[in-house]
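All remarks here apply to the structure that follows.
In what follows, every chain begins at residue 1, and chains take the letters A, B, ... in the order their sequences are listed. These values consider heavy atoms only, across backbone and side chains, with no hydrogens, waters or symmetry-generated copies.
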Protein chains: 2
Amino acid sequence: MTTPSSPTRGRPARLSQDRTLQTALDLLDEAGLDALTMRRLADALGVQAGALYRYFATKQDLLTAMAERMVGGVADAAGPRGDGDWSQRVARLARALRTALLAHRDGARVFAGTHSTGPNTLGFADSLVGVLREAGFGDGEAARALYSVANFTVGHTLEEQAALRPGNEEPTDAGVLHEAVMAGTYPHLAAALPALTSTDFTAHFEFGLRLLLDGLRAVQR
Amino acid sequence: MTTPSSPTRGRPARLSQDRTLQTALDLLDEAGLDALTMRRLADALGVQAGALYRYFATKQDLLTAMAERMVGGVADAAGPRGDGDWSQRVARLARALRTALLAHRDGARVFAGTHSTGPNTLGFADSLVGVLREAGFGDGEAARALYSVANFTVGHTLEEQAALRPGNEEPTDAGVLHEAVMAGTYPHLAAALPALTSTDFTAHFEFGLRLLLDGLRAVQR
DNA sequence: ACCTGAACACCGTTCAAGT
DNA sequence: ACCTGAACACCGTTCAAGT
């Protein structure tokens, strides 16, 4: 967590927090979270695994820094005050978070598995809470709305990235669902099967987001 | 995934899928997901690690079976038709899912990391979709509502169990939040800090659930 | 049929020693 | 100051061999 030092004494340092972070994100995109090991990362950096621990105390710290970097700029999606009403601004924040997580392979898994308190993460939270407070929501309501929107978004994106994981064109369980459902059990799943196996994840996400925003409108009233 | 065979030939079998599963859930509760290794589980069963692979082809399969077992009985929370209106019945299903995940250490992480197509998981889905279809929702709406409620519930419980993880009485970042927020950045987080650092996770969950249900009411109209 | 023993190919992390 | 080399204490998984 601590930068090695300030003056350029000794050798010029082939490594740095920034280069390590960038390479880690590249390796994540190429190989996925399960293949992102300290040894492989060190390899990609042309260094031995032990050297990484001068820049990140643990692998968890590295993953946390990756999550923090992933959500850079997401807070800006709220736009300036007056650019749309509160519900449009919250919707933009939620969509920007989902998009940021989708931008990296296993992005949601990395984000959900860490707990960043960096400026990008806190900035997103402050932005969303700010939009709601300025719209007249109470402090407690704004805080709880943040959790609702963030937890839904992360939960959704986790599922979305899991469904498209290996080389599966179709979500893995479309076939399993068909089988199980056609046996006669689960009549309601059978009826809703087209929507359940739809790969239009944006539509699923927008539906849930709309529920939350409509619900917030009802709270405000 | 395949049961070793039917007739009791040879030795009487110290292991079984059921005993392995039960011991795995006990070990999960005692030691947590990170300490749940095939070797430790084998130890708890008085057996060598390799022996487990006669009952579960991979560790993933074991985790999937654990997730499936965790949500046993959750579908019943809907109650019989007529026991409350649709929104109460959906609320009971969501609460039962959260409770089932909270019942095991790292329960949400196990559930989120797997993709069961067993009767408990499918039964829950069928139950929730059924409640909504019987209430007059369209098949597509019912399916998307299932995803919204399930993703929110899993996302919330993931956060809830992460916040209370090690021996932290207080959520880990209450201190970090205080510091970051008092520096003057994040004015909105500062104002909402009491609610943000509240450990009343049931209140947070109920707030989000209410948003979804109010939103569904608006869709129905 | 069921399990052991031993191996294979890895992990995250630490730390004396080199440069 | 920065990195190497080598070790420590593990992993999931496979499979011939025993009983």
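For the pair A:Leu41 CG and C:dT13 P, the interatomic distance rounds to 12 Å; values are reported in whole Å. Following rounding to the nearest Å, B:Arg54 (CZ) and D:dT13 (C1') show an atom-to-atom distance of 14 Å. Computed from coordinates, the A:Asp34 CG to D:dG12 C1' distance equals 12 Å when rounded to whole Å. The distance from atom NZ of A:Lys59 to atom P of C:dT13 is 8 Å, rounded to the nearest whole Å. Between the CZ atom of B:Phe56 and the P atom of C:dC3 there is a distance of 13 Å, rounded to whole Å. What separates CE of B:Met38 from C1' of C:dC11 is a distance of 17 Å, to the nearest Å. When the C1' atom of D:dA1 is taken as reference, atom CD of A:Gln17 falls 16 Å away, rounded to whole Å. When the P atom of C:dG12 is taken as reference, atom CG of A:Asp61 falls 14 Å away, rounded to whole Å.
Distances shown here put every side-chain N or O of B:Arg14 at or beyond 4.0 Å from the OP1 or OP2 atom of C:dA1. Listed pair B:Tyr55 / C:dC2 fails the phosphate criterion, with no side-chain N or O lying under 4.0 Å from OP1 or OP2. Side-chain nitrogen and oxygen atoms of B:Arg39 include none within less than 4.0 Å of the OP1 or OP2 phosphate oxygen of D:dA9. Within the 4.0 Å cut-off from OP1 or OP2 of D:dC11, at least one side-chain nitrogen or oxygen of B:Arg40 is found. Between C:dC2 and B:Tyr53, no contact under 4.0 Å exists linking OP1 or OP2 to a side-chain N or O.
Side-chain contact check for B:Ser198 and A:Arg144: no donor-acceptor pair (N or O, by modelled atom type) lies under 3.5 Å.
For A:Ala51, taking side-chain heavy atoms from C-beta onward, the closest of the listed nucleotides D:dG12, D:dT13, D:dC3 is D:dC3. Side-chain proximity of B:Ala13 to the nucleotides D:dT13, D:dC2, C:dC3 is greatest for C:dC3. Nearest to the side-chain atoms of B:Thr37 among the listed nucleotides D:dC11, D:dT4, C:dG12 stands D:dC11. Of the candidate nucleotides D:dT13, C:dT4, D:dG5, D:dG5 has the atom lying nearest to any side-chain atom of A:Gln48.
Using the Watson-Crick or G-U wobble rule with both distances under 3.5 Å, C:dC10 pairs with nothing in any strand shown. Look at D:dC3: it lacks any Watson-Crick or wobble partner with both distances under 3.5 angstrom. Nucleotide C:dA17 forms no Watson-Crick or G-U wobble pair with any nucleotide shown, as no partner meets the under 3.5 Å limit on both distances.
Separating the C1' atom of C:dA7 from that of D:dC11 is a span of 14 Å, rounded to the nearest Å. C:dC10 and D:dA9 are spaced 22 Å apart, taking the P atom of each and rounding to whole Å.
Between B:Leu196 and A:Leu146, the closest side-chain pair of non-hydrogen atoms falls below 4.5 Å. Between A:Phe56 and A:Leu21, the closest side-chain pair of non-hydrogen atoms falls below 4.5 Å. Using a 4.5 Å heavy-atom cutoff, the side chains of A:Tyr186 and B:Pro119 are in contact. Side chains of A:Leu132 and A:Glu141 form no contact here, defined as non-hydrogen atoms less than 4.5 Å apart.
Salt bridge B:Arg109/B:Asp34: present, at least one basic N to carboxylate O contact under 4.0 Å.
Judged by closest nucleotide on DNA chain D, A:Val47 is the one of B:Gln60 and A:Val47 placed further toward the 5' end.
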